[in-house]
Amino acid sequence: MNTDPPVKPSVTPFFHAPTGTWSYVVADPASRAAAVIDPVLDYDWRSGRTGTKSADALAAHCANERLEVAWILETHAHADHLSAAPHLKSRLGGRIAIGRGILQVQATFKRIFGLGADFAADGSQFDALLADGDRIHLGAIPGHVIAAPGHTSDSVAYLFGDALFVGDTVFMPDGGSARCDFPGGDAAELYRTVQRLYALPAETRVFVCHDYSPGGREPRCETTVAAQREGNIHVRDGVSEASFVEMRRTRDATLDVPNLIIPSVQANIRAGRLPPPDADGVSYFKVPLNVLGRPL
Ligand SMILES: [Fe+2]
C-alpha cells in the first residue's frame with residue numbers, strides 16, 4: 001500500500017462576486033504545469049455585453065508565475081455564469097475539457113433553445129471529454145477525474161494530489177449542497193456522489209465552486225472532507241439518502257431560475273463560445289418563452 005503523504009499542488013482562488021463563483025489555478029510548483037478550473041466571463045445582462053476583466057486577472061497570475069497551462073477544466077456546463085475558457089485558451093493555451101455527460105446536456109438544451117442543425121450535440125466544441133477515472137496529471141501532481149452527477153448529468157470533480165475541486169456538489173459546510181432541479185439533475189444521485197467524495201482521506205482539501213456568504217460572512221472557498229462530514233448543513237455523516245432527497249426536493253421547489261441561465265447555457269454548451277453571428281455580424285442569444293421555470 002502506498003503510504004506516501006499526498007502531493008500538494010499550489011491552489012490560487014479567484015472570486016467572481018457578481019455570481020458568487022470561485023475559479024482556480026492549480027499548479028505543480030516544481031514543473032509549473034497548471035490547470036485552470038471554472039473561469040468566468042464577465043457578462044452584463046442589462047446591456048448584453050461581455051468582458052474579460054475577471055478572466056484577465058487569472059491570466060495575469062498564470063503569466064506572472066510562468067505557468068504552463070495544460071488544461072482549462074469545467075466542472076459542468078454552468079447555468080449561472082458564462083465560461084471564459086475560450087478567452088483563456090487564446091491567451092494561455094491549454095485544452096478545454098468537461099465531463100462526458102455534456103452530450104446529454106447538449107441534447108437537452110439543443111431542444112430547449114430550438115438550436116438548429118448547425119449546433120452539434122456531440123461534444124465536438126470541447127478539446128476533451130473526460131470520464132470517471134481519467135488521469136490528467138500536472139507534472140508530478142497526480143490528477144484524477146471523478147464523475148459527480150446529481151446537480152447536472154455532466155458534473156465531474158477533479159482531484160489533484162490532496163486538492164479536490166468539487167464543482168456544484170457541496171458548498172462550504174454552512175452553505176450546504178447544490179440544487180438538483182435542472183434537467184438531468186437528481187437528488188439521490190447527488191447524495192451518492194457526495195458519499196463517494198466523502199470517502200476520500202479526511203484531510204483532503206475541498207475547494208468549492210460557489211459561495212453565497214451565508215449569514216453575511218466573507219466569501220470562503222476552502223474546507224476539508226473531515227469538516228464536511230462533520231458539519232455540512234445538508235449532508236454530513238448520519239444524514240440518510242431519503243432525508244437528503246426530501247430536503248433537496250422541498251428546497252428546490254422554492255428556488256428561482258438562476259438570473260443568467262438563458263445566456264449561460266447557450267454559451268457553455270458551446271464550450272463558452274458565443275452563438276455564431278447572424279448575417280449582420282452580431283451574436284444573439286435566444287429566449288424560449290414559457291418553457292423554463294414555473295407558471296407565473
Ligand atoms: Fe452549477
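Note that these values count all heavy atoms, side chains included, but never hydrogens, waters or copies made by symmetry. Along the sequence shown, residues are numbered consecutively beginning with 1.
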Q.
Quick check: closest heavy atoms across Val26 and Pro9, and the distance to 0.1 Å?
A. CG2-CB, 3.6 Å
Q. Cluster question for you: counting only ILVMFWY and a side-chain heavy-atom cut-off of under 4.5 Å, with indirect links fine, are Ile146 and Val206 together?
A. yes
Q: Kindly give the heavy-atom pair with the smallest separation between Ala33 and Gly139, and that separation in Å.
A: CB-N, 3.7 Å
Q) With no hydrogens and no angle check, is any side-chain donor or acceptor of Arg32 less than 3.5 Å from a backbone partner on Pro29? A) no
Q: Might you point out which heavy atoms bring Thr204 and Leu164 nearest each other, and give the distance in Å?
A: CG2-CB, 3.8 Å
(Q) Keeping Tyr191 on the side-chain end and Val239 on the backbone end, is there a donor-acceptor pair under 3.5 Å? (A) yes
Q. Going through the checks in order, is the salt bridge (Lys or Arg N to Asp or Glu O under 4.0 Å) test met by Arg100 and Asp134?
A. CA-CA 11 Å; Arg100 205 156 241 301; Asp134 281 354; over 6 Å; no
Q) For Glu246, does its backbone N or O pair with a side-chain atom of Thr250 as donor and acceptor, under 3.5 Å? A) yes
(Q) Looking at Arg192 and Asp186, is there a salt bridge between them, counting it only when a charged N and a carboxylate O are closer than 4.0 Å? (A) no
Q: Can you measure from CD1 (Ile98) to CG (Leu130) and round to the nearest 0.5 angstrom?
A: 9.0 Å
Q | Same cluster (ILVMFWY, side-chain, under 4.5 Å), Ile262 and Tyr284 | A | no
Q: Would you check, one step at a time, whether the test side chain to side chain contact (heavy atoms under 4.5 Å, CB included) holds for Gln125 with Ile102?
A: CA-CA 10 Å; Gln125 300 85 350; Ile102 189 66; over 6 Å; no
**Q.** Sidechain-backbone polar pair: Asp132 side chain, Ala147 backbone, donor-acceptor under 3.5 Å
**A.** yes
Q | Nearest-0.5 Å distance that lies between atom CZ in Arg248 and atom CG in Asp181 | A | 7.5 Å
Q.
Given 3.5 Å as the limit, does a donor-acceptor pair link the side chain of Tyr198 with the main chain of Val235, or not?
A. yes
Q: Please test Gln195 against Glu241 for side-chain hydrogen bond (donor to acceptor under 3.5 Å, both in side chains), starting from the C-alpha separation and ending with a verdict.
A: CA-CA 10 Å; Gln195 300 310 313; Glu241 179 177 314; over 6 Å; no
Q: Give a yes or no answer on whether the side chain of Gln228 reaches the backbone of Thr224 with a donor-acceptor pair at less than 3.5 Å.
A: no
Q) Is there side-chain contact between Asn268 and Val105, with heavy atoms separated by less than 4.5 Å? A) no
(Q) With side chain to side chain contact (heavy atoms under 4.5 Å, CB included) as the criterion, how do Tyr158 and Val166 come out once you've worked through the C-alpha distance, each side chain's angles and the decisive distance to 0.1 Å? (A) CA-CA 7 Å; Tyr158 298 106; Val166 293; over 6 Å; no
Q: For Ala148 and Ala157, work out which heavy atoms get closest and say how close.
A: CB-N, 3.9 Å
Q.
When you compare the side chain of Leu73 with that of Asp38, does any pair of heavy atoms fall below 4.5 Å?
A. no
Q: Go through Phe109 and Leu115 one step at a time and tell me if the side chain to side chain contact (heavy atoms under 4.5 Å, CB included) criterion holds.
A: CA-CA 8 Å; Phe109 284 101; Leu115 304 181; over 6 Å; no
Q.
Please find the pair of heavy atoms, one from Ala27 and one from Ala34, that lie closest to each other, and give the distance.
A. CB-CB, 3.9 Å
Q) Do Phe182 and Val265 have side-chain heavy atoms sitting under 4.5 Å apart? A) no
Q | Val40 to Ser23 - nearest heavy-atom pair and separation | A | CG2-OG, 3.7 Å
Q: Determine, for Asp162 against Arg205, whether the closest basic-nitrogen to carboxylate-oxygen distance falls under 4.0 angstrom.
A: yes
(Q) Could you tell me if the side chain of Phe244 sits less than 4.5 Å from the side chain of His234, heavy atoms only? (A) yes
(Q) I'd like to know if the side chain of Ser83 pairs up with that of Glu74 as donor and acceptor (distance under 3.5 Å, no hydrogens or angles considered). (A) yes
Q: Return yes if some donor-acceptor pair links the side-chain N/O of Arg270 with the main-chain N/O of Gln266 below 3.5 Å, else return no.
A: yes
(Q) Any side-chain to backbone donor/acceptor pair from Arg273 onto Ala85? Under 3.5 Å, distance only. (A) no
Q. Between atom OH of Tyr43 and atom CG of Asp80, what is the distance when rounded to the nearest 0.5 Å?
A. 14.0 Å
Q. If you group Ile, Leu, Val, Met, Phe, Trp and Tyr by side-chain heavy-atom gaps below 4.5 Å, do Ile233 and Leu197 land in one group?
A. no
Q: Decide if atom CD of Glu68 counts as having more than 12 heavy atoms of other residues, nucleotides or ligands within a radius under 6.0 Å.
A: no
Q) Using 4.0 Å as the upper bound for N to carboxylate O, is an ion pair formed by Asp237 and Arg229? A) yes
Q: Run the salt-bridge test on Asp127 and Lys89 with the 4.0 Å N-O cut-off and return the result as yes or no.
A: yes
Q: Decide, yes or no, whether a salt bridge links Asp256 with Arg179 under the criterion of side-chain N to carboxylate O below 4.0 Å.
A: no
**Q.** Student check: side-chain heavy atoms of Trp45 and Pro263 closer than 4.5 Å
**A.** no
**Q.** Distance (rounded to the nearest 0.5 Å) between Asp28 CG and Leu67 CG
**A.** 10.0 Å
Q) Taking a hydrophobic cluster as the set of Ile, Leu, Val, Met, Phe, Trp and Tyr residues connected by side-chain heavy atoms closer than 4.5 Å, whether directly or through intermediates, do Val11 and Ile136 fall within one such cluster? A) yes
Q) Heavy-atom count around Asn290 CG within 6.0 Å, excluding the residue itself: above 12? A) no
Q. For Arg135, does the CZ atom have more than 12 heavy-atom neighbours from other residues, nucleotides or ligands under 6.0 Å away?
A. no
Q) Is there side-chain contact between Leu103 and Gln106, with at least one heavy-atom pair below 4.5 Å? A) yes
Q: May I ask whether Phe119 and Val287 are part of the same hydrophobic cluster, defined by side-chain heavy atoms of I, L, V, M, F, W, Y residues being less than 4.5 angstrom apart, directly or through others?
A: yes
Q: Kindly state each residue pair satisfying ring-ring contact (aromatic ring centres under 6.0 Å, His included) with at least one member in residues 67-95, sequence neighbours excluded.
A: His76-His78, His76-His151, His78-His81
**Q.** Pairwise side-chain contact, Ser177 with Thr169, heavy-atom cut-off 4.5 Å (strictly under)
**A.** no
Q. Which ring-ring contact (aromatic ring centres under 6.0 Å, His included) pairs, counting each pair once, include a residue from residues 9-39, with sequence neighbours left out?
A. Phe14-His61, Phe15-Trp22, Tyr24-Phe165, Tyr24-Phe207
Q: Give, for atom CZ of Arg220 and atom CZ of Phe171, the distance between the pair rounded to the nearest 0.5 Å.
A: 15.0 Å
Q: Look at the side chain of Lys286 and the backbone N and O of Phe113, then say whether any donor-acceptor pair between them is shorter than 3.5 Å.
A: yes
Q | Electrostatic pair Asp56-Arg91, nearest N-O below 4.0 angstrom | A | yes
Q | Heavy-atom side-chain proximity of Pro149 to Ser155 below 4.5 angstrom | A | no
Q) Within the side chain of Thr52, is there an N or O that forms a donor-acceptor pair under 3.5 Å with the backbone of Ala55? A) no
Q: Report the distance from atom CG of Leu274 to atom CG of Leu82, rounding to the nearest 0.5 Å.
A: 7.0 Å
Q: Run the numbers on Thr50 and Asp42 for side chain to side chain contact (heavy atoms under 4.5 Å, CB included), then give the verdict.
A: CA-CA 5 Å; Thr50 62; Asp42 300 317; over 6 Å; no
